Every structure is written in structure tokens, then in C-alpha cells.
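All remarks here apply to the structure that follows.
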Amino acid sequence: MCGGIRIWPLVKFLLAREIFDYVKEKKLLHLTHGIDFMSKLKFGSQIAADTCAQIAAPPRQSDICLFTYESFRHYKVGGRWSNIFQDPLLEFARASGQTMSTLELQNIFPGRRPKLNPTKSVTLDVVRAQLAARLALSRSPDLIKDVAKLREWTERLRGIVGSGECDALKASIDTAVPSLFSMARIFERHLQKIRPSLGLLANYYSVSGLAFCLACWRCGIPSADISHGASGEYHYAYGGWGPAPAGGYELLPTEFLSRTKEDAAALASLMMGHDGVRQPTVVGDLAAHAWRANSYGVADGPRAMLETVRPRGTDGRMEVLIAAQNVEGLPQAMTEAIRASSDRCFFWIRFHPIYLADLKNFVIDLPGGCFNLIEATKPPPYALLERVGAVMTESSSLADDARAWGIKSIIVHEFGSRLYASQIAAGQMVFAGSGAAADEALRHVVAQNRGSMNSCDTSELDRQRDDLLRFLQSARGRQIGEGFATRGRV
């Protein structure tokens, strides 16, 4: 414990990132080590359990408070930028008769892009909190003792994860622990002004996300994590937990909003026994709901753009979406399948939009005229899912998104085959671990889907929409503990 708070979630995520960074330095795909990696984290969870046993407009009072990041996907709509979480959630809040305020952390300081809906920037607050964290540590003898105990505790991991990771973890703890408490006080002040019944966030496992969850706990309101990708047993924030200490963790959200039934089932099993954490609610991909309804015209521009950028002479080819994940290059099985199919398929090679600036220097050894890279990355993925006959990826959550459009995905990495084992067993996805197998799978999948345009399964989206509305309505007026009562501070 540190300052009276069980902080294993923070230490767990810091450790996970140190291991990931080490793997990247060695030029290895971290996906390859996913399974062994989760077992190490679960061992750490057991140790921790044993240890624990000893905004543009000012925020107004609202029913819901969303904490989000500018680094999440944004799409330009009519000269303004739409956030994939904020704007769909705002529509859901209004549909449930509630109001919502948004706190946003910018990754580019101090510039701000014009938003479709206003946000309150907390960037300067967070920077101040990080600067004040060291001072707070020096002024708190109890916190100094707790951090010293944590540094001593990390030695128990040295034989499991390596000396380099242990030393880096100690340095991360020195910075992250005081920052966590300093940021939590800032979020608490914002929540005291907004006085919501529910706190929402995505990427809860960042230091600022954990601080927001702690602030919600201190204010006595439930917090809910919105999944923005696959969140099953192989994701370090959702899997590898092990037994929880009595009373649970104050840094964890009390609710989880999952994208798929499979993720919700895995999360419900993994979180069993964690006090205060409720069963997950399946709400799907929030941005897909907005796309389907063409809310605020989000679909108009991307659809028109894709029609104009496809090269001439490729009209007879089936379109395929490549959901790429590593900007250092495509996996061998994927490139071999693309080369073998270049005369009969056109490939939209899409990376996460945060890599858009890097793609100008991206070198790809593929036949010219059979693929598009830049324009494939700019629009929401749904613009492409409406057009393509197949999806190919290592393990991207776009493989799950494609199911709603009736599209099969080809998984070319072993980690993806484990991540989507149930979907592969159900015939909704295909695993192909070599170039020849991927080419054969592509021929078969494309032959099954010769339609020029795909339509989304609206019945499933309708069920998810109704479940999300019920969730938002049920949170109104609910509190945990004492509500907005004053509690002890660190």
C-alpha cells in the first residue's frame, strides 16, 4: 500500500510497459511474448495481494463526466474534429435525458484543434501536478517510506523479469506514484465542480486514468472504463490479475463497458472476486453507432474520398482491408499473400491514425497499383468495412469489428489466433500462419463475399445501444460510499 491506497494496478502497468519497451529494443514483436508475459504479471499480482494483506468551456454541473485524450482517434467533420468517444457518448447521454461534461488531456501543448463539441482542457493542470509531485514526495515522510518499501518489493521480481526491467520499474515508481496522487487531487476538484453521477474514461490504465478512477472513488461515484480494442485475458490491464486484496483496488474502475461478448465473458471471469467491480456491459464500438446513424455527418466525407483515390484499372478487383499494427513493416505471411493476390485484389493498408505522419517515410516492397496506404489510414475504418471482401491482420480489433459487417478476417499471427480462439472455432475468422496459407485463405474468403457494398448488422447494434442507454440511466443518482463527502487525502 502507499498512502493508504492499494497501488498494485499502477505498478502492474508500469512493469508491463517496461517489459514491452525491453522487447521492442531487442527488435522482437511483443505479441510473441504475450502468453508468457501474462503469466509473469499474474505472479506479480499474487505477490502484490500478499503485500496488500498487511475543457474549452468551463466544466458545469453534469450527470456524466468523461475523461479523454486528444491522442485518441479524431476525424474531421465540417472543419471540426470529432472524438471517437466524446461525440457518440454525448449523443447517448442526450438520448437518456442526461448532460455530460468532458475533461481532455492534450498530447500537443499548448495547441488545440477546433472540436465538434467543447471540452475542458486539463493539460496545464496535469503538467502542474507532475511538477508538484516531487515536491509532495519530499514533504510527505509517510509517502517516502511507502515508496521505499515499493522499491524494496520490486527486488522480488528481479529473477522473473530481469534486472534491467526491475531497475527501470524503480525509476518509474519514483515518478509515477507521487504523480498519481497529485493528479487525483486535481481530478477530484473538477469532479467537485461538475458533481456527476458517473465518471467515464477509456485507457484507464495510464497514470492519469488511474488518478481519475481514484478521484471518482474518493468522490463516491462509480467509474466506467470504455474498451477501445480487444480487452480479453491477454491484455495486461484486463488479464493476469490473480486474487484481489480484501476491499479490492481503489484504482480500478467499478464498471467495464466491453466491445464484444467474448471480451465481456473473459473480463467477468478475470475480475471475479474483485470487490466493487460489477459485471461488464457489452456496448460495442461507440464510433460504429455514430457511423451507422451518420451522426453529425461523420460518414459523408470519408465515403466520397475513398471513391476518388482508388487507382484506375482496379475496378474488377476485390477490395481487402489490411489492419496493420507494426510501422516497422508488415509480417512476412501478409506480404507474401498480398504479392500473390495483387492481380485480383486491391489492398487498403490501414495503420492506426497516430502513425499517419510516419507513413510518408514508410517503405513497402509490394507491386505498384495494388494498394493504398495514406488514404486508407485517414478515415474511420467503417468506410472501408463497407467496401471490402476480407480483412487481414495480426491481431487488430478490426477483426472483431468486421463481424458486424458479415466479413471474415484472416489472422496471420499466433498471438491473434489465441486472442480470437473462440471466433476462429466458430468459423468467423481464419488463422493462416504462412504466406501460402494466407493466400489460400484470402482466395476462399473473397470468393464467399462478392458483394460490392456491405451493410452492418443493425440488430446487434440496436441491442448494444439499448444496453448502453440502460447503463447510463441506471447510474443516475447512484453513488459508492459517502458520495461527495470529504475523505482523507494523500
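Keep in mind it's a predicted model, so treat the numbers as computed, not measured.
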For Phe371 together with Phe346, are the ring centres under 6.0 Å from each other?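 When the ring centroids of Phe346 and Phe371 are compared, they turn out to be at least 6.0 Å apart.
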Would you please indicate if the ring centroids of Phe431 and His413 are separated by under 6.0 Å?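 Not close enough - the centres of the two rings lie 6.0 Å or further apart.
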Can you tell me if [X] uses its side chain to pair, donor with acceptor, with the backbone of [Y] under 3.5 Å?
X: Ser342; Y: Arg339; answer: yes
X: Ser341; Y: Ile338; answer: no
X: Arg350; Y: Pro379; answer: yes
X: Lys378; Y: Leu356; answer: no
X: Thr335; Y: Gln332; answer: yes
X: Ser395; Y: Gly416; answer: no
X: Ser227; Y: Gly229; answer: yes
X: Arg259; Y: Asp400; answer: no
X: Thr123; Y: Gln106; answer: yes
X: Asp87; Y: Asn83; answer: yes

If you look at every heavy atom in [X] and [Y], which pair is closest and at what distance?
X: Leu116; Y: Val77; answer: CD1-O, 4.3 Å
X: Ser396; Y: Tyr420; answer: O-OH, 2.9 Å
X: Ala390; Y: Ile407; answer: CA-CG2, 3.7 Å
X: Val412; Y: Pro331; answer: CG2-CG, 4.1 Å
X: Leu286; Y: Ile84; answer: CB-O, 4.2 Å
X: Phe471; Y: Ser474; answer: O-OG, 2.8 Å

Working to the nearest 0.5 Å, report the span between [atom1] of [X] and [atom2] of [Y].
X: Asn203; Y: Phe212; atom1: CG; atom2: CZ; answer: 13.0 Å
X: Leu359; Y: Thr377; atom1: CG; atom2: OG1; answer: 5.0 Å
X: Met392; Y: Ile349; atom1: CE; atom2: CD1; answer: 10.5 Å
X: Ile64; Y: Thr102; atom1: CD1; atom2: OG1; answer: 9.5 Å
X: Thr68; Y: Leu103; atom1: OG1; atom2: CG; answer: 10.0 Å
X: Phe351; Y: Asn326; atom1: CZ; atom2: CG; answer: 7.5 Å

Side chains of [X] and [Y] in contact at under 4.5 Å (non-hydrogen atoms):
X: Cys213; Y: Leu201; value: yes
X: Gln325; Y: Thr393; value: yes
X: Tyr69; Y: Ser206; value: yes
X: Val430; Y: His444; value: no
X: Glu70; Y: Trp81; value: no
X: Arg443; Y: Arg344; value: yes
X: Glu386; Y: Trp291; value: yes
X: Leu180; Y: Leu210; value: yes

Carboxylate-amine/guanidinium proximity below 4.0 Å for [X] and [Y]:
X: Arg292; Y: Asp462; result: yes
X: Lys261; Y: Asp467; result: no
X: Glu460; Y: Arg463; result: yes
X: Arg465; Y: Glu91; result: no
X: Arg317; Y: Asp343; result: no

Apply side chain to side chain contact (heavy atoms under 4.5 Å, CB included) to residues Ser258 and Thr281 and explain how you reach the verdict. CA-CA 6 Å; Ser258 297; Thr281 301; over 6 Å; no
Test log, rule side chain to side chain contact (heavy atoms under 4.5 Å, CB included), inputs Gln428 and Ile424: CA-CA 6 Å; Gln428 298 166 334; Ile424 292 172; over 6 Å; no
Verdict with reasoning, Gln423 to Arg403, per side chain to side chain contact (heavy atoms under 4.5 Å, CB included): CA-CA 9 Å; Gln423 292 92 322; Arg403 291 191 293 165; 3.5 Å; yes
Would you check if there is a donor-acceptor pair between the side chains of Tyr204 and Ser223 at a distance under 3.5 Å?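 No - no donor-acceptor pair under 3.5 Å links their side chains.
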Between Tyr238 and Asp263, a side-chain donor and acceptor under 3.5 Å: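 No donor-acceptor contact under 3.5 Å links the two side chains.
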With under 30° as parallel and over 60° as perpendicular, where do the rings of Phe85 and His228 fit, or are they tilted in between?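 Perpendicular: the ring planes of Phe85 and His228 meet at over 60°.
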Over 60° means perpendicular and under 30° means parallel, so classify the ring planes of Phe92 and His289, tilted if in between.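 The arrangement is perpendicular - the two ring planes meet at more than 60°.
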Single hit among Val122, Leu105, Leu214, Val126 for side-chain contact (heavy atoms from CB on, under 4.5 Å) with Met183: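 With Met183 as partner, Val122, Leu105, Leu214, Val126 yield a single side-chain contact (heavy atoms from CB on, under 4.5 Å), made by Val126.
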Residue pair Val177, Leu10: steps toward the side chain to side chain contact (heavy atoms under 4.5 Å, CB included) verdict: CA-CA 8 Å; Val177 170; Leu10 171 65; 4.0 Å; yes
Does Asp285 form a side chain to side chain donor-acceptor pair (under 3.5 Å) with Tyr382? I'd like the steps, not just the answer. CA-CA 11 Å; Asp285 181 0; Tyr382 323 108; 2.3 Å; yes
Apply side chain to side chain donor-acceptor pair (under 3.5 Å) to the pair Trp348 and Glu319, showing each step before the final yes or no. CA-CA 7 Å; Trp348 298 100; Glu319 299 178 39; 2.7 Å; yes
